[in-house]
Amino acid sequence: MYLVDAAGRRYLDACGGAAVSCLGHSDRSVIDAIKAQLDRLPYAHTSFFTNEPMEALADDLIAHAPSGMSHVYFVSGGSEAVEAALKMARQYFVEIRQPQRRHVIARLQSYHGNTLGALATGGNIGRRKQYAPLLFPVQHVAPCYAYRGKQPGESDEAYGTRLADELDVAIRALGPESVIAFCAETVVGATLGAVVPVPGYFHKIREVCSRHGVLLILDEVMCGMGRTGTLYACEQEDVAPDIVCVAKGLGAGYQPIGAAIVSERLVEAIRKGTGFFQHGHTYLGHAAACAGALAVQHAIRDRDLLGNVRRMGELLGQKLRTRFVGHPNVGDMRGRGLFWGVELVRDRETKEAFDPALRVHSRLKAQAMDLGLMCYPMGGTVDGERGDHVLLAPPFIIETGHADEIVEKLAAALDRTLATAPAGS
Ligand SMILES: Cc1ncc(COP(=O)(O)O)c(C=O)c1O
């Protein structure tokens, strides 16, 4: 649960780096599996050979995947997974003779990665701004962000319907026969801070996509692989996407790995068509990375870590609520499993954000590090520029004492931060 720096200082890892290190930093079984694979076969290019850990990991992921998923395309991280998903979605329509489909729709305040296709898809203004001339056009609709998006008196049901209608309108405006895919994070991570959809939202979204023949790509790079208490976050929304992207928790940081998990329908179309997904990277299906990720999957199942995610997630949520309820600068606390977000505001009544010039999030991060706590604060929560939140995503091996330490150190770091950034600023 701890990282130790060169000077011997210990840091409790309350965020898994960026929601990566789900088994902590010294899992013997994963390290041993990678070492054993290196002794056998470190790497063989996939244009010549498949490899055993890749096949076994693909079978394992598909065995527990949402219905309809049949194949896995292994890459080296989250951005690569999103790029592969976008290209596969496009190629699918070329194969089924709908080459006019070229538009992607995604959501504001989302993050899908930093490579150009993934960055274009993401809806975070701050991250896109300076690269805008290089980004392909993507239409962005509102995220499902109840704390700021839901109107006074509006029910979850009505809010979800309004957002699905917005997607429907966007698809119609572009011309339904011209849209490839809608891409969304099932639970929004880095850019909004563990924002969970309202019940029924993804059902309605799935229905709109299906009605127009538009593919649904779920980006579970951060929220997937057990982080929310189920292996795939979309299990709890009871929807099956056409492609789901995973990465971070897949390899738990022991090796770089990501994957696009794809439905049978898409694979069949490509198989019956050109027979080849026109894409590739040197390190697809890296043997040592797949061996590590397979050991991660075994560890999660053999040690019932999803059970611990659910139990400890509940407890961490309770402790956060108890500690911060009524805090004048905590606007919202939300999350699921071991994925929690605390949104900071200048004024709790009006939800007004701090002046971005104060950089509350980066000062909070520095204070937390000083206290020996790794957490993941981020700015731009409201609109890509204004707003601050802190994301918590501790390893699945967390125990009660760690949860206490997280909450106490976070509270102390926040006090220190606010003492130098007065609430009235
Ligand atoms: C939801 C989501 N998608 C994609 C990415 C990009 O992943 P990577 O940094 O591994 O390229 C991230 C990384 O934070 C992410 O949170």
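Numbering of ligands and ligand atoms starts at 1, following listing order.
Under a cutoff of 6.0 Å and an axis angle of 45°, Arg10 and Tyr2 form a cation-pi pair.
In this structure a side-chain-to-backbone donor-acceptor pair under 3.5 Å is present from Gln91 to Gln278.
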Test ring-ring contact (aromatic ring centres under 6.0 Å, His included) applied to Tyr283 and His281, step by step | CA-CA 6 Å; Tyr283 296 119; His281 295 288; 9.4 Å; no
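For ligand 1, residues of the protein lying within 4.0 angstrom by heavy-atom distance are Gly77, Gly78, Ser79, Tyr111, His112, Gly113, Glu185, Asp219, Val221, Met222, Lys248.
Classified by interplanar angle (parallel below 30°, tilted 30° to 60°, perpendicular above 60°), the ring pair Tyr145/Tyr147 is tilted.
In summary, Glu166 and Arg162 do not engage in a salt bridge, as defined by a charged side-chain N under 4.0 Å from a carboxylate O.
Within the structure, the side chain to side chain donor-acceptor pair (under 3.5 Å) test picks out the following pairs touching residues 11-21 (sequence neighbours left out): Asp5-Tyr11, Asp13-His25.
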